[in-house]
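Have a look at the structure below before the remarks.
A note on names: the letters A, B, ... follow the listed sequences, proteins ahead of strands, and every chain is numbered from 1. The model shown is predicted, which means the values in this text are computed figures rather than measured ones.
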Amino acid sequence: MVKSGTLILHTAARILMPLQLLFSVFLLLRGHDEPGGGFIAGLVAAGAFTLYLFAFGVSATREVLRMVDPRDLIGMGLLFGMASVFPAWFVDQPFLTAQWWTIPGIDFYASTPLIFDIGVYLAVLGSVLAMVMTLMEVDKDEP
Amino acid sequence: MATVILISQVLMGIALILAFVRVVRGPSLPDRVVALELFASIVVGLVGVYAIRTDVSSFLDAAIVIALMGFLAAIGFARFLERGGPRDD
Amino acid sequence: MRPEVALPVLLPLLSGAISLLFWRSRPMQRFTAVAGNLALLGVSLWLLVSVIQEDYVVIQMGGWQAPFGITLVADMLSAVMIVLTGLMGLVLSIYSLASTGDGHERFGYYPLMHLLLAGVAGAFLTGDVFNLYVWFEVMLVASFALLILGGEKAQMEGAIKYVTLNLLASVIFLSAVGLLYGMVGTLNMADAAQRLAVAEHQGMVEVLAVMFMVAFGIKAAAFPLFFWLPASYHTPPVAVSALFAGLLTKVGVYALFRFFTLLFDQTLGYTQELLIWGAALTMVTGVLGAAAQFEFRRILSFHIVSQIGYMILGLALYTPLAIAGGIFAVMHNMVVKTNLFLISGITRRLQGTYELKKMGGLYRERPWLAVAFFLSAFSLAGVPPLSGFFAKFVIVRAGIEAEAYVVTAVALLVGLMTLYSMVKIWNEVFWKSLPEDNLVPTEEVVVGDDSRMVPPSLWLMYLPVAVLALFALLIGVLAEPLMAMMNQIGEQLMNPQGYIEAVLGADVGIEDALIEAPDEEVSP
Amino acid sequence: MEPVMAVAVGLLYAAAIFLMLRRSIVKLVIGLILLSNAANLLIFTTAGMTRGAPPLIPEGLSAPLGPVADPLPQAVVLTAIVIAFGVLAFAVVLIRRAYEIVKADDLDKMKETDT
Amino acid sequence: MTGAIWNLLLALAWVILSGDFSGLNLVVGLVFGYITLVLIEPQVDALAGYPARVPRILKFLGFFIKELVQANLRVGFDILTPPWHMKPGVIAMPLEARTELEITMVANLISLTPGTLSLDVSDDRKVLYIHAMFLDDEEELRRNLKEMEYRALELFR
Amino acid sequence: MQFAVLSGFVLAAFAPLFHRWFGERVSFVLAAFPAALALWFLGQMPAVMRGEVLFLELDWVPSLGMSLSFVIDGLALLFALLITVIGTFVLIYAGGYLKGHRDLVRFHIVILAFMVSMLGLVLADGLLTLFVFWELTSITSYLLIGFSHADIEARKSARQGLFVTFAGGLALMAGLVLLGNAGGSWSLAEINAGGIDLREHDLYLPMLLCLLLAAFTKSAQFPFHFWLPNAMAAPTPVSAYLHSATMVKAGIYLLARLQPSLGGTEAWVGILSVVGAVTMFTGAFLAVRHTNIKKMLAYSTVMALGTLTMLLGIGTEGALITFVTFLLAHSLYKGALFMVAGILDHETGTKDITAMGGLRPLMPVTAVVAIIAALSLAGAPPLFGFIAKEMMFEAALEAEVFGWLVLLLAFVSAFLTIAVAAIIALRPFFGERRTTPRVAHEAPLSMLLGPACLAALSLLLGVLPVLAGMGVLTAAASAVMGEPVSVYLSLWHGINLPLVMSIVTLALGYLLFKRWDRVRAHLARLDPVMARGPEAGYEAFMHWVTVVSEWQTRILQNGYMRNYILVMVLVLIALLGNSLLLRHPLEIAFELDVRFHEVVVVAMMVLGALFAAIARSRLSAVVSVGIMGFSIALTFILFSAPDLGITQLLVETLTVILLVLVLFRLPRFASLSTPLERVRDVLVAGSVGVLITLLILTAWGIDQFVPISEYMIENSVPLAHGRNIVNVILVDYRSLDTLGEIFVLALAAIGVIAMLKLRAPVKPAKPAAQEKESSHG
Amino acid sequence: MIETIKGFLILTGALFMLLAALGILRLPDLLTRMHATTKAAALGVILIMLAVAVHFGEVAVVARAFAIIVFVLMTAPVAAHVIGRAGYFVGSKLWSGTVKDELRPNYDPLTHELKSGLETDSNAVHQPRENDPK
Ligand code: NA
Ligand code: NA
């Protein structure tokens, strides 16, 4: 049986994965103004999990994800994406027209583009993760 | 300063070529992977210099991404090697 | 805000997302499949009504005025295609309830189907070149996944060809989009049409035209670009075959119609000639390919190719009547070809094979199935008063009126050869007695290789078949309203100014788009 | 720079097509990867290439200070990259499964579904 | 850790209060913040040891950079001149470090130092296998490595 | 009238219900339908005879100028009466003939459908309506020929009949479209009445040829006659009805219908006379060669159809009057004879006429009917057939084009026919008694009713021809002529040449009857020649369809993917090259402004790709792909696209990881292609590369238009509240693209999961499961 | 002054990059090549990022430059370890001038077990790792 990682890789992955995830969220949130956005952030996050997968294997990664299957992430991402489509309907604007809401108190604008970007993030993360994870999972099963 | 940057770009350009030569020559997969890693590092350097030259800091984000994510490919290759046993290609 | 233009795309996306989210629950997926497609059919009819009332219905997605955002636009052509998509979706989802195995359902059969439909609908409605690419890809990847569902050897082999050759087409398409943008600086089709019309470099316009032609030619499976289709369409689960047969290649045909009436009408002489030759050879090679086959679905697959020739011929002849005929052929073919595949699925379930030589006796055993097949098959051959007759007749008439006698003769002969294949199936599957060496269909054979299949509830399979067979008949017998629509399509496509104005606004001019204003003559 | 890029993109297409004409499914899939990259670069090049002026607007301004690179082809290419990634990931896994089932890396041995 | 965070927060506060967002000002803020922390250390338990650790870190950084440059030059020299002066080999170094974090830290530092490269840790975590380029004086090398380990561990303990 | 036609279809659809209600007697019940129609048509007779034309129009597809309009004039009425009257008898007859047959229901459905289709065909005024019903008769005929579908011969014959008639149908479609366009109307009545002289039209000849082809195939004219005898695989009621009395006359009907507007030209007269005469002779000759009673009758039908065609070709007033007369006469006696043949077959169990003999005492009624009908066929007085034959000779004498040939063939055919008639009427009933597979009895009343009535009609009209002349024939002849004619028929024309010919042919015919068996033996020597007849042509055509299609499939759909790709790429090269280089001047932009490091980066990109293309190991190729990816990313960054660069980097990394994960399972590269192939592929790939380069330079050089992105840049902050314009495009301006894109990614993921996790279950070792669907090729 | 520092940093960084590239090209075996890349390239990146920090002098940028440095320092040795170990274990040939190898005798290529050589009898059994697949 092959080891799924070495001690050094384990430690590195434990430190690096949170860093990468944090970085991905950072990229996501500021994507509207600086390089970044849902795709890039989602890919970074997927990379983070891939590192973890390489280091600890599939079942350990599943534990990290708790009950959330990558497929759930995909579904949630797509739904978030769809959720940014319809609000415009309520104000009789064409679908996907950006809606901006100021959150009172703090200087933060919630908007459908942001929701959309989050959807992209989740969908990208879920999709890539699902692919890599399934591939590794199947690899493990096979002689 | 422009000259310095130009020279450094030329140097790193040559470095890219040399790294690529190693990729071609191999002879073993790890040699190539190491060259690929080096290639990525040089790219980080080039991006840094380019950010200075153009005075656009946004390019640094690309460098961060390489620095943070670039070694994943190497780990993938290593995994391949360990699982596949000795391979000459 | 015209929601009905966007909803045919958004609803299946939503159904797809929901059914993905509930990937663990089969009942939920099956419910979403039927309900979602019912809703899709509903909104597509809404769209059709709107288009009948107003000719063009437009929505600027995201609220960005064309050409800056993405415009979805429905003219009669789009609306008709959308309605057919909705119909196919509903019919196939019902059929799938019975024909789809548990394994397939657990691994995304229904979401894939929803999203395939979304891609198709998107392609039919979008008024944006790159957006069309995106929908093509949605459709394509969904079809990839559906194609391999089950993982049989034949599926893998077929899928490799399907995937590769379709990706080649996608790349050609994408390259053409890039060149188009580089040349005219827009992605909006109506805007591009305006700009291309005044482009100085007409050679490049022609280059773009042939590039799009090759890309869509591959997608549509025209000669000599069709190889992927006969190699793969007979391999997936039968409802998938039916879905592909009914919808996928037709999107390529649609794109050809859209592009070569809206964007590239000025390259007419040359491209028209290419299209005519392509159409004739497509018809002939497809039908001959079918003549050599002795397997139900392979015959049907080759006939898809051959029928594509008819449709393209309608475009190539380039008269309102010819276009009407071409689209009629598309419409008829969607209904009939889908049904033939569905019937092949039932016969397989009954006799455990698609090999004609091993089948037989269904004329006596399943007379109603025989009737449904008979209607569909002879409709395909263009026998009146079934749907195919009108398609054939209109194209022949248009061909003769356009004095394209050779290709018209070819079209007629191909009709005869189509009959050849259909009669072959009829003789072998329905009339011939079941060969002695075939096993009496036992439950194992019936269930076939998917032992986890739901219990065979044949009526769920018969219902769609009956509905579509009825359509094959009704499209013919009650052809008038449809023919009126087809004529309107012909008119609309031949006069793209209406489309352009609907998208860009009535008073839009080309002047703003030019970097240097053209040398205007001083008006007195 | 565009002429150099044009030649480079041409070579990329050529390499891709050459690979796709091989019999090995692995080469085929690598060819596909090259091909989609080539197409992205084609879009990027044809629209014109600009040095050092990314389409970002500095904070506090409502428009970029000078001319910036055309953002639309960039967005288009970005979309295309991600789409190509999805498609290619599928293709890559497909050849793996195909190999597993057909037991050959030789496309010439995968012709049973035709004729 | 708490100390570092406080130091950073203070520096940020400084930057905001001074209204100068340049990097240099941040460094100034860090320095002032550190001084503040040194002053209040006795009163706050959470800060215990922090002020003392900073000089150690700085000292370690100095040591490390010196090693880095020195050894890089040596390797560079060997690369640039035609004959090979190096005597490479794999040696086993018994580890003082015990926790995974410590071992990783030590191994990485050794890797980053030119001339040495951590290959792997034995399964019982007692030995680190190192590929070294210059085994001319193995004893000195082992000494240097030990010192590096010692200094690194000092940072954590 | 539409009601009549459409109600028939409805009735056909409800036939199963009637079966349930009426059981065995259903045929009689259903026969009431054509009987009622016949009465209705009879009721129209006075009006039609007054020269009125009943016209009923119903819109069907006005967009195409198609109306479901029907017209009743003399010709239509004649046919309608034949169809309904004989239809009535046939239905009754079938009730006896197919008594207890398990497929009686289906028979009724189809035959009713046929009946109304035929009715629609002869009543149709719209060209397309005519076409629709024309095709429907072909289809229903197909179903009826293949009635005994378990029998391979029946299936083959059905297919043959369908192909020939369907091919004709296609010609008909072309012909009708030409006709409609040329005549400026889609109504037969309008075309016939219209002022446009179609004979002068440029497309007259093609139009005529198409229409003739249609008519000839449908009416079994030489060389398409072969399908008709084979159609005898159908049950005898069908043969009696479709393949003698009605459907095969559809072609003749079409010609008659078009005679006023297309007839009379040299081409018309020449083709119709000669083809008709040759068909006439062929039919008569082949009839003599056969011993199968149904085949003999079929060939004699071919002969009659030839005669009718010939008469239309001759085209004189006399010939056209003869035409309608002969048509009626033939329908009456041939219907009767077929039913008799059916009785014989049904009662004796054989169709071989040489196997029958001495049946008269056992089936006296049948014998009488047979003799009367055969006499009419032979053209013996005082039967109606005699009148028709006399007139035929008269018309043949009038023939101007190829007159001698026509006359000669008419003469020969006549005496051959007489022999056939004699054989059919005499051989089974007289002479010594033969043992037949079944012991013969007299047929039931239901089967006798039809032939008896028809034979009686032959006799009645022979004796009182004025009934027919006064009746429908005048109107019919007028319609064919396009102007009013008066028909006066009489049994006795005085002693004239036709009468002499009649007597001579009767004598010769009797002689041939006597020596039939020997003649047949002699004729058998001709078999090898016969085998090369038109039917062999059909068989050869079918054979070659298979051969060519298999060959084509082997060539095109050869299964080699590289060939597919090669073809597609070559098409692309040819089209692009042609448009870019040959058809238009090449205008490329070429301004060089480069930096060293940029060139290096681009070079790395290219070299990475090229090395990937030639690498001998797959992992070197993957690493090269990585190099290429990093270089591309760097290119993006160097040219102001940080977002793109980052995305490319990430995607590249993930792609490499996927490749690595997958390649683990795959074998090493093998060098599989020959050097020659590689050279070819390099050339092809290189051509693509060159063209792409030129394309880019061309498109880049065009600076005619303002890109739409200017708007996006201007409004990114003010309207979309974002400073990263690329991201704003992705999530706002063009968010629909992005929405589609995440679905693509999701789909790919689902696909991958399904591919990897959903495995085909291991098949149990059952024989059924071992069949591989793809094993046939 | 700042310009000079910047120039020096950039130039040195670029030179170290080149050195690394030369090293990877010239050095005789995998492990020695890795020495060149891991350190020289990392040093090159660090120097250039320092130049970036100096050049921009804004918090956000400086932070990012330092982040890059930290990330490089964290990832480069890990990658080197993983590749070097894999390369070594799958049998990359060592340079003929290699003078010593204390690892080889303690490594079992079949089980991938790596002993320390310090085992006593009691602890010489397989040591399960924390995350070994069960
Ligand atoms: Na040296
Ligand atoms: Na341009």
Side-chain angles (χ1 to χ4, degrees), chain A residues 27 30-44 46-47 50 53-54 69-71 73-75 77-78 80-82 84-85 95-98 100 109 111-117 119-139 141-142, chain F residues 636-637 640-662 664-665 716-717 719-759:
Chain A
L27 282 171
R30 62 171 215 146
H32 215 47
D33 293 322
E34 292 285 328
F39 280 127
I40 292 175
L43 290 171
V44 169
T50 308
L53 274 168
F54 280 150
D69 191 278
R71 271 187 268 188
L73 287 178
I74 301 177
L78 297 180
F80 264 89
M82 293 309 292
S84 67
V85 173
F95 293 114
L96 281 168
T97 306
W100 293 80
Y109 294 94
S111 64
T112 51
L114 183 66
I115 297 174
F116 188 65
D117 237 0
V120 173
Y121 175 84
L122 290 174
V124 171
L125 169 61
S127 305
V128 178
L129 192 56
M131 293 185 205
V132 177
M133 214 150 146
T134 318
L135 260 177
M136 293 187 61
E137 206 170 7
V138 173
D139 256 1
D141 295 344
E142 286 162 350
Chain F
F636 285 143
I637 293 165
S640 314
D643 285 275
L644 266 192
I646 297 171
T647 313
Q648 177 77 31
L649 281 167
L650 290 165
V651 163
E652 207 57 49
T653 306
L654 289 167
T655 306
V656 166
I657 286 172
L658 281 179
L659 278 175
V660 168
L661 282 176
V662 161
F664 178 62
R665 295 277 157 202
S716 184
V717 168
L719 296 180
H721 313 295
R723 293 186 290 106
N724 178 357
I725 306 170
V726 174
N727 185 267
V728 170
I729 293 175
L730 287 175
V731 300
D732 201 339
Y733 291 115
R734 298 184 63 88
S735 45
L736 192 60
D737 279 348
T738 312
L739 189 66
E741 179 191 353
I742 57 175
F743 276 95
V744 172
L745 214 51
L747 283 167
I750 304 170
V752 166
I753 295 174
M755 213 171 352
L756 290 171
K757 288 204 172 167
L758 178 61
R759 305 294 175 100

Side chain to side chain, [X] and [Y], heavy atoms closer than 4.5 Å:
{"X": "Thr738(F)", "Y": "Phe39(A)", "result": "yes"}
{"X": "Leu739(F)", "Y": "Phe116(A)", "result": "yes"}
{"X": "Asp117(A)", "Y": "Asn727(F)", "result": "yes"}

Pair count under 4.5 Å, heavy atoms only, with chain F: among Asp33(A), Thr134(A), Ile74(A), highest is Asp33(A)
Among the options Leu129(A), Thr50(A), Leu43(A), Val124(A), pick out the one with the most heavy-atom pairs lying under 4.5 Å from chain F.
->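 Most pairs with chain F among the choices: Leu43(A).
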Nearest-0.5 Å distance that lies between atom CE in Met82(A) and atom CD1 in Ile742(F) | 9.0 Å
For chain A, which of Ile753(F), Val752(F), Ile646(F), Leu654(F) has the most heavy-atom pairs under 4.5 Å?
-> Ile753(F)
Considering only heavy atoms and a distance below 4.5 Å, find which of Gly722(F), Gly751(F), Pro642(F) pairs most often with chain A.
-> Gly722(F)
For [X], is it the side chain, the backbone, both or neither that has a heavy atom under 4.5 Å from a heavy atom of chain A?
{"X": "Leu661(F)", "result": "both"}
{"X": "Ile657(F)", "result": "side chain"}
{"X": "Ala748(F)", "result": "both"}

What's the shortest heavy-atom distance between [X] and [Y], and which atoms?
{"X": "Pro35(A)", "Y": "Asp643(F)", "value": "CA-OD1, 3.4 Å"}
{"X": "Gly36(A)", "Y": "Asn724(F)", "value": "N-ND2, 4.1 Å"}
{"X": "Asp732(F)", "Y": "Ala98(A)", "value": "OD2-CB, 3.5 Å"}

Let me know if Val120(A) has heavy atoms under 4.5 Å from chain F in its side chain, its backbone, both or neither.
-> both
Part of Val44(A) lying under 4.5 Å from any heavy atom of chain F =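 Answer is both: backbone and side chain atoms of Val44(A) are under 4.5 Å from chain F.
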Pairs touching residues 735-745 of chain F that satisfy salt bridge (charged side-chain N to carboxylate O under 4.0 Å, His left out), sequence neighbours left out = Arg734(F)-Asp737(F)
Could you tell me which residues satisfy side chain to side chain donor-acceptor pair (under 3.5 Å) with Tyr733(F), sequence neighbours excluded, listed by chain and number?
->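 Result, side chain to side chain donor-acceptor pair (under 3.5 Å) vs Tyr733(F): none returned.
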Name the one of Leu649(F), Val651(F), Thr647(F), Leu644(F) that satisfies side-chain contact (heavy atoms from CB on, under 4.5 Å) with Ile40(A)?
-> Thr647(F)
Passing candidate, side-chain contact (heavy atoms from CB on, under 4.5 Å) with Arg723(F), options Glu34(A), Arg30(A), His32(A) = Glu34(A)
